[in-house]
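Report on the following structure.
To find a chain, count down the sequence lines: A is the first, B the second, and so on, and within it residues start at 1.
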Amino acid sequence: MAMSSPLKVIFFGTPELAVPCLEVLADPKQTPEISVVAVVTQPDKIGNRGRQAPPPVKLAAQRLGLPVLQPHRIKANNPEGSTFIDEVRSLRPDIAIVIAYGKIVPLELLNIPQLGFLNVHVSLLPRWRGASPIQAALLAGDSETGVTIMKMDEGMDTGPILLQRAINIDQADTAASIHDRLSSLGAAVMIEALTGYVSGALLPVTQPANGITSCGLIKKTNGLIDWSSDPAYIERQIRAMHPWPGAFTDIYGEPIKITEAHLESGRLVIDKVKPAGKGEMEYRAYSNGNRDRPLPPNKA
RNA sequence: CGCGGGGUGGAGCAGUCAGGCAGCUCGGCUGGCUCAUAACCAGCAGGUCGCCGGUUCGAAUCCGGCCCCCGCAA
């Protein structure tokens, strides 16, 4: 990247997924021409079994010595939001990078940087726009997914695409394994897209009108197993919901997670489970101590 | 002080309320048996009952304190 002065980047992100991107941007060895002027992340969550839970991006930013902003509101229609917007404006960022921030970025913010906002989205857009693209791809049985870098507009993951890269999903993949691969791939592709975009070598291309799918935010209830569904679907659900919320059933009054299973001649064979209040264990071990509570319950 | 479950041979559990020989299903080892699917039969080894203190003739169990793991909620 040939720049006369450092490119001033403001970073938006929250979970572990976003950390590698931030680290690359903040690393003077890998990106000497980039200066991260602020890191915006969600407010700390309260009461995580007694302890506080600062977002992973906040911890990374502090480790890297970067200023952190954690606004509750970011729209101009309220005092906190407009204060925040003024603060961003005063930083005079050239561009913003957003990955899994967790809030809708309003137009007032999008318009601030000269070069706009780039978003790192972990699906092959326009497939799986929305909040939980990794889980959606696994649950649907997609054979591949990937990472898309796009220029943000006001819509939800609807902006024109700069760069896209695919990875294969194999039979052993879980949301966790895909997450880890896309997390590091996302950082690499983001830098490539950013460089190309800033230099003018890459131009944003409008998303295809065909193949659009959307997904919502994963909730606890998405993990509840419906034993009347196709065993192949349940098996995908177990991998898609791992590690959170986990695929679970609670027919015996207490929830029990099924953490590992496989298909054998079209039937679901349970390999590992995690009862409430217990650690993960082999299904065989579980049944040794719970002979009166076999899984799955009410086998049809 | 957000709510809650748990720590008992290598694994998973019961026993704790009502103090009185350390129990169950597995695994391991030895021997036997079988065409045989998570084999079957006989036997053996293996435990400071999370830690510290208290009560008691006697504590896995009752009382006080501490450590660790996990579920819910996010």
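- Pair assignment for B/rA42: B/rU30, on the basis of Watson-Crick or G-U wobble contacts that are both within less than 3.5 Å.
- Between the CZ atom of A/Arg293 and the P atom of B/rA14 there is a distance of 9 Å, given to the nearest Å.
- Of the residues in residues 271-281 of chain A, A/Lys274, A/Ala276, A/Gly277, A/Lys278, A/Met281 come within less than 4.0 Å of RNA chain B through at least one heavy atom, sorted by number.
- No more than 12 heavy atoms of other residues, nucleotides or ligands lie within 6.0 Å of NE2 in A/His72, so this atom counts as exposed by the packing criterion.
- A distance of about 15 Å separates the C1' atoms of B/rG15 and B/rG7, rounded to the whole Å.
- Across the C1' atoms, B/rG20 and B/rU56 are found 12 Å apart, a figure rounded to whole Å.
- Side chains of A/Val105 and A/Met152 form a contact here, defined as non-hydrogen atoms less than 4.5 Å apart.
- Taking 4.0 Å as the cut-off between side-chain N and carboxylate O, A/Arg127 and A/Glu144 do not count as a salt-bridged pair.
- Comparing B/rC35 with B/rA45, their P atoms are spaced 32 Å from each other, to the whole Å.
- Taking atom OH of A/Tyr283 as the reference point, atom P of B/rU25 lies 18 Å away to the nearest angstrom.
- Atom-to-atom, CH2 of A/Trp244 to P of B/rC70 comes out at 18 Å; the value is rounded to the nearest Å.
- If you check B/rC13 for Watson-Crick or wobble pairing at under 3.5 angstrom, you find it paired to B/rG23.
- Between A/Pro275 and A/Tyr286, the closest side-chain pair of non-hydrogen atoms falls below 4.5 Å.
- Between the C1' atoms of B/rA22 and B/rG65, the separation comes to 27 Å (whole Å).
- Looking at A/Arg165 and A/Glu192, a side-chain N of the basic residue comes within less than 4.0 Å of a carboxylate O on the acidic one, giving a salt bridge.
- In this structure, CG of A/Asn288 is placed 13 Å from P of B/rA14, rounded to the nearest angstrom.
- Atom pair A/Asn290:CG and B/rC26:P shows a separation of 14 Å (rounding to whole Å applied).
- For the pair A/Lys220 and A/Phe248, the cation-pi criterion (under 6.0 Å, within 45° of the ring axis) is fulfilled.
- Tested against A/Cys21 for a side-chain contact (heavy atoms from CB on, under 4.5 Å), the candidates A/Ile191, A/Leu194, A/Val189, A/Ile99 yield a single pass: A/Ile99.
- Nucleotides B/rC62 and B/rA42 place their P atoms 37 Å apart, quoted to the nearest Å.
- B/rG23 and B/rG47 are spaced 12 Å apart, taking the C1' atom of each and rounding to whole Å.
- Nucleotide B/rG71 is matched to B/rC3 when pairs are restricted to Watson-Crick or G-U wobble geometry with both distances under 3.5 angstrom.
- Within 6.0 Å of atom NZ in A/Lys75, 12 or fewer heavy atoms from other residues, nucleotides or ligands are found, so the atom counts as exposed in its surroundings.
- With rounding to whole Å, A/Tyr286 atom OH is found 21 Å from B/rC24 atom P.
- Looking at the side chain of A/Arg291, the nearest of the listed nucleotides B/rC24, B/rC13, B/rA11 is B/rC24.
- Nucleotides B/rC70 and B/rG64 have their P atoms positioned 26 Å apart, rounded to a whole Å.
- Between the P atom of B/rA73 and the CG atom of A/Asp44 lies a distance of 21 Å, rounded to the nearest Å.
- Remark: the separation of the C1' atoms in B/rG50 and B/rC57 is 27 Å, to the nearest Å.
- Between A/Tyr101 and A/Phe12, the ring planes lie perpendicular to each other; the angle is over 60°, past the 30° to 60° tilted range.
- Each of A/Lys257 and A/Gly289 was assigned the nucleotide of RNA chain B with the nearest heavy atom; the assignment lying further toward the 5' end belongs to A/Gly289.
- Of the listed nucleotides (B/rG71, B/rA74, B/rA11), B/rA11 has the atom at the smallest distance from the side chain of A/Ala285.
- Side-chain atoms of A/Arg284 lie closest to B/rG27 of the nucleotides B/rU25, B/rA74, B/rG27.
- Counting to the nearest Å, the C1' atom of B/rC70 and the CD1 atom of A/Ile256 are 13 Å from each other.
- For B/rU61, there is no paired base (Watson-Crick or G-U wobble, both distances below 3.5 Å).
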